[in-house]
Amino acid sequence: MILLLLTTVLALAAAYFYRFWSVREKRQVELRKIVERKRAERAESVKFAKQSAEKLDVETRNKIASLEYSELKEGLQSGTISCIDAVRTYYFKAIQANEKTNSVCMFVKEAEQWAMEWDEKAKDPEFKKPPMFGLPMSLKECVPLQGYDQTRGFVQDTFHPTETDAVLVQQLKKLGAIPYVQTNVPQSLLSYNCSNPVFGTTNHPMDKSRTSGGSSGGESALISADGSILGIGGDVGGSIRIPCAYTGTTGIKPSHLRFSHRGVCGSVPGRPLINSNDGPMSTRVETNVDFLRTVWADTWITEQDPYVPPVTWNEEAYKSDKKLKIGYYTDDGWFTPTPVCQRAVMEAKQILEDAGHTLIPFRPPRVPEVLIMFLRAVCVDAGKFLSNKLMNDIIDPLLYTQVVLWMVPVRVQRFLASFIRVFFPRLGNLMNAMTLSTVELRNTYADIEAYRSEMAALMIDQKIDALLCPVTVTPALPHVAPSKLFAGTSYTGIFNLLDYAAGSVNVTHVTKQDELDLESDYEASDPWYALAKNSSRGTIGFPIGVQVATPPYREETCLRIMREIEFGVTGK
Ligand SMILES: CCCCCC/C=C\CCCCCCCC(=O)NCCO
């Protein structure tokens, strides 16, 4: 009797799994065909951009290609450069950068037509050129652009073109900017590498085996390989700052209410307290400043979205020469960065002290707990939304570790955590991060609010204007590492949890001495430290940035400090 029962249960289980497997296999075949179609569409768009670029003579192209942002802007304003020539130059540059990095999802074909329309309008002597007239801009793929997919790396979301531009895109078009290319992202957006089954893996321009960071890794790769002069990224846990730090570019994530989020889907919809925001990325802080100064020049965004407070650009704060008090830390008490990332902070500290600012040691309280709050609140439903989407998709192998963690039931994770904690305490503790219940989630939301209040009090009591710290714990990682080393987002995620403005700016490059210090001073005391150490080997010459953060609505002060660091490093 028992044997019969057991056999029946086993047979039913086998039948269930066979059915599950065959349905999934059938779906995978369908999805692979969709990928083929999408890649063919991308190849078409590259061909179109190539043909358009070839219509421009090489001499003009080389001249435009060599211009800095301010020179290009000036040339477009004065009429010495036409919009169509600028777009064709940047089509050309992006094609070249893409060959090296695989950073492009789609070229925007309409860019040609928009450029010609602006040139036509400019023929009228009465026409007043808008401030971004003819400036080619790259967009991270998830920024809603009418007529183009926002797949976020999911095959199931291809061939569903967006119907309405994001408020930011509407504004850019109104100001004369020309979105000419969409750039790659990791599947789900919740990773700091850059790979998905639709468009493949984006590479670091200096080394194909390493990532350009993520999730705005298409932007950082394109910009650092000279295929874009200014791009728009997005950041919910470091996705602008980490790719910038990895590639020697610079970018800022403003506090979330300085831009509109109308119609933006993001990685996990319905996430109240860990907010993503768009932000500019480029090679110079002044370029990012010019961008934000222009889009925040008036209350146009608020008029399109009443939820955005009418806070305009504060030139006084950016240009101020008031000496600031800046708290700094090289180690957040959760994940000690490799020596080069600590050296970068100390060098930036010296630059700021030389400029007359006061730097004091400061460490945000209880970072290990903060990381648990961050991971719980960034996923919201313990990864259910994401795992449902992933189960109906081709899963990118570079995301496997994270996917497994989203898929193991929370009760099982908690049970395993008590064993894992014995030999790998940091992972064991984080395995309590995914929420078990709405009660737990509500408590975490309350903890986040309390933490924001605590940090506000600390900063106000000590009269601290800004914070300086590492962006992350290593130089650019091999593609596979970020999904295993998601714990390395403690330095960036905290400022999304606090909703501070936070930017990253290049300070130095890895030297031979840094590699020697890595070997002698950096202990591989657990698997995460071992991975950080191993992955940092062989990175001599790679850029290293630092992070500057300020409370919400103080983006201008954040940018001022970034600019001063950049000046101290480059002399320009
Ligand atoms: C046991 C814990 C399991 C946790 C699984 C990992 C979950 C989340 C990792 C978060 C990594 C955040 C990377 C930053 C991504 C970003 O900023 N994206 C921008 C989206 O607009």
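If you read the sequence from its start, that first residue is 1, and numbering goes on from there. The model shown is predicted, which means the values in this text are computed figures rather than measured ones.
- Across V104 and R42, no two heavy atoms sit closer than the pair O-NH1, 2.8 Å.
- Taking CD of Q402 as the start and CG of L190 as the end, the distance is 7.0 Å to the nearest 0.5 Å.
- Between R32 and E25 there is a salt bridge, with a side-chain nitrogen of the basic residue lying less than 4.0 Å from a carboxylate oxygen of the acidic one.
- Two residues are said to be in side-chain contact when any heavy atoms from C-beta on lie closer than 4.5 Å; L135 and L230 fail this criterion.
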Working for side-chain hydrogen bond (donor to acceptor under 3.5 Å, both in side chains), residues N184 and N102: CA-CA 8 Å; N184 208 20; N102 188 39; 5.8 Å; no
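- Between R88 and E54, none of the side-chain N atoms (NZ, or NE/NH1/NH2) sits under 4.0 Å from a carboxylate O, so this pair counts as no salt bridge.
- Just one of D278, N496, D499 meets the side chain to side chain donor-acceptor pair (under 3.5 Å) condition when paired with H256; it is D499.
- Atom-to-atom distance recorded for W406:CH2 and M391:CE is 14.0 Å, nearest 0.5 angstrom.
- The CG atom of L386 lies 9.0 Å from the CG atom of L399; values are rounded to the nearest 0.5 Å.
- We find that K384 and D381 are not joined by a salt bridge, their nearest charged nitrogen and carboxylate oxygen being 4.0 Å or further apart.
- No more than 12 heavy atoms of other residues, nucleotides or ligands sit less than 6.0 Å from atom CZ of F415.
- The pair K33-E30 does not count as a salt bridge, with every side-chain nitrogen at least 4.0 angstrom from each carboxylate oxygen.
- Because its NZ or CZ atom is not both nearer than 6.0 Å to the ring centre of Y246 and within 45° of the ring axis, R210 does not count as a cation-pi partner of that residue.
- For an aromatic pair to be called close, the ring centres must be under 6.0 Å apart, and Y529 with F335 satisfies this.
- Using bins of under 30°, 30° to 60° and over 60° for the plane-to-plane angle, the ring pair F48/Y91 lands in the perpendicular bin.
- Aromatic ring centres of Y180 and W114 lie farther apart than the 6.0 Å criterion allows.
- For the pair K38 and F199, the cation-pi criterion (under 6.0 Å, within 45° of the ring axis) is not fulfilled.
- Within the cation-pi definition used here (under 6.0 Å to the ring centroid, within 45° of the axis), R241 does not qualify as a partner of F495.
- The backbone N or O of D149 lies less than 3.5 Å from a partner atom in the side chain of Q182, making a donor-acceptor pair.
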